[in-house]
Amino acid sequence: MTIAVCPGSFDPVTYGHLDVFARAAKMFDQVIALVGVNASKQALFSAEERVRLITECLPEGSNVRADATDGLVVDYCVNVGATAIVKGLRGGADLADERSMALLNRELTGIDTVFVLGDARLEHVASSLVKDVARHGGNIDSFVPPAVARALKKEFQ
Ligand code: PNS
């Protein structure tokens with residue numbers, strides 16, 4: 001059985017992330033959407049809340065599940081027997097950021113990162129921008145599923 005890990009902050013999960021999970025789900029038997037700690041970001045939602053939101057947004061019978069770690073993504077991968085890390089790319093800027101992380105992760109464990117191009121119609125969708133729109137009372141319905149929109153509205157009401 002092939003297992004892949006899709007790590008990210010997912011603060012919160014967007015339609016862009018869900019598109020990447022769905023693409024990974026076609027390539028691997030089991031996919032874990034892994035909430036990790038990005039030391040350079042201050043999260044709005046707790047890791048537990050982010051896992052809950054991802055889980056709520058996954059389709060029934062999906063081979064994707066959500067989990068969290070406060071350790072290294074590669075350590076988590078080794079523990080669950082994952083053979084690949086999958087990350088979505090929105091454009092060249094994403095690759096510049098992801099390249100060193102992928103090389104480092106491979107040097108640590110030999111686990112390769114598979115880069116997936118997401119739906120071009122979602123290229124502009126980023127959690128940080130969605131939070132900014134929500135914070136100012138804008139409409140975020142085309143960027144995040146209803147459960148996430150509700151959670152964001154609650155945070156900023
Ligand atoms: O969605 P993001 O913010 O780009 O996700 C970044 C994340 C959480 C995947 C990255 O910061 C990460 O892997 N953090 C976990 C700790 C770790 O493994 N660090 C080494 C990365 S080379």
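Numbering of ligands and ligand atoms starts at 1, following listing order. Heavy atoms only: backbone and side chains are in, while hydrogens, waters and symmetry mates are out.
- The proximity of Glu107 to ligand 1, defined as any non-hydrogen pair under 4.0 Å, does not occur for either the backbone or the side chain.
- Of the candidates Ser127, Ser128, Gly88, Gly71, it is Gly71 that places a heavy atom closest to atom 16 (C) of ligand 1.
- Regarding atom 1 (O) of ligand 1, its nearest protein heavy-atom neighbour is Ser9 N, 2.9 Å.
- At a threshold of 4.5 Å between side-chain heavy atoms, the hydrophobic network of Ile, Leu, Val, Met, Phe, Trp and Tyr places Val86 and Tyr76 in two separate groups.
- For atom 6 (C) of ligand 1, the closest heavy atom belonging to the protein is Asn38 ND2, 3.8 Å.
- Among protein heavy atoms, atom 17 (C) of ligand 1 sits closest to Leu72 CD2, 3.5 Å.
- Using a cutoff of 4.0 Å between basic side-chain nitrogens and carboxylate oxygens, Asp11 and Lys131 are scored as salt-bridged.
- Near Leu104, the atoms of ligand 1 lying under 4.0 angstrom from a non-hydrogen atom of the residue are 22 (S).
- Taking the charged nitrogens against the carboxylate oxygens, Arg90 and Glu123 have no contact shorter than 4.0 Å, which rules out a salt bridge.
- Ranked by closest heavy atom to atom 18 (O) of ligand 1, the top entry among Val5, Val35, Val73 is Val73.
- In this structure, the side chain of Asp19 does not engage the main chain of Tyr15 through any donor-acceptor pair within 3.5 Å.
- When hydrogens are left out, the protein atom nearest atom 14 (N) of ligand 1 is Val37 O, 3.0 Å; that is the closest non-hydrogen contact.
- Looking at Leu103, Val73, Val74 one by one, the single match for side-chain contact (heavy atoms from CB on, under 4.5 Å) with Leu108 turns out to be Val74.
- Closest heavy-atom contact between Leu58 and Phe21: CD2-CD1, 4.3 Å.
- Under a 4.0 Å criterion applied to the non-hydrogen atoms of Gly8, ligand 1 contributes the atoms 1 (O), 5 (O), 8 (C), 9 (C).
- Residue Gly36 approaches ligand 1 through these ligand atoms, each under 4.0 Å from one of its heavy atoms: 8 (C).
- At least one donor-acceptor pair closer than 3.5 Å links the side chain of Thr2 to the backbone N or O of Asp29.
- Closest protein heavy atom to atom 22 (S) of ligand 1: Met101 CG, 3.2 Å.
- Asn38 and Ser40 are linked by a side-chain donor-acceptor pair at a separation below 3.5 angstrom, with hydrogens and angles left out of the test.
- Atom numbering of ligand 1 starts at 1 in the shown order; those under 4.0 Å from a heavy atom of Lys87 are 4 (O), 5 (O), 9 (C).
- Not a single heavy atom of Ala102 lies less than 4.0 angstrom from ligand 1.
- Contact atoms of ligand 1 toward Asn105: 22 (S) (distance under 4.0 Å to a heavy atom of the residue).
- With hydrogens and angles disregarded, no donor-acceptor distance shorter than 3.5 Å links the side chain of Asn105 to the backbone of Leu72.
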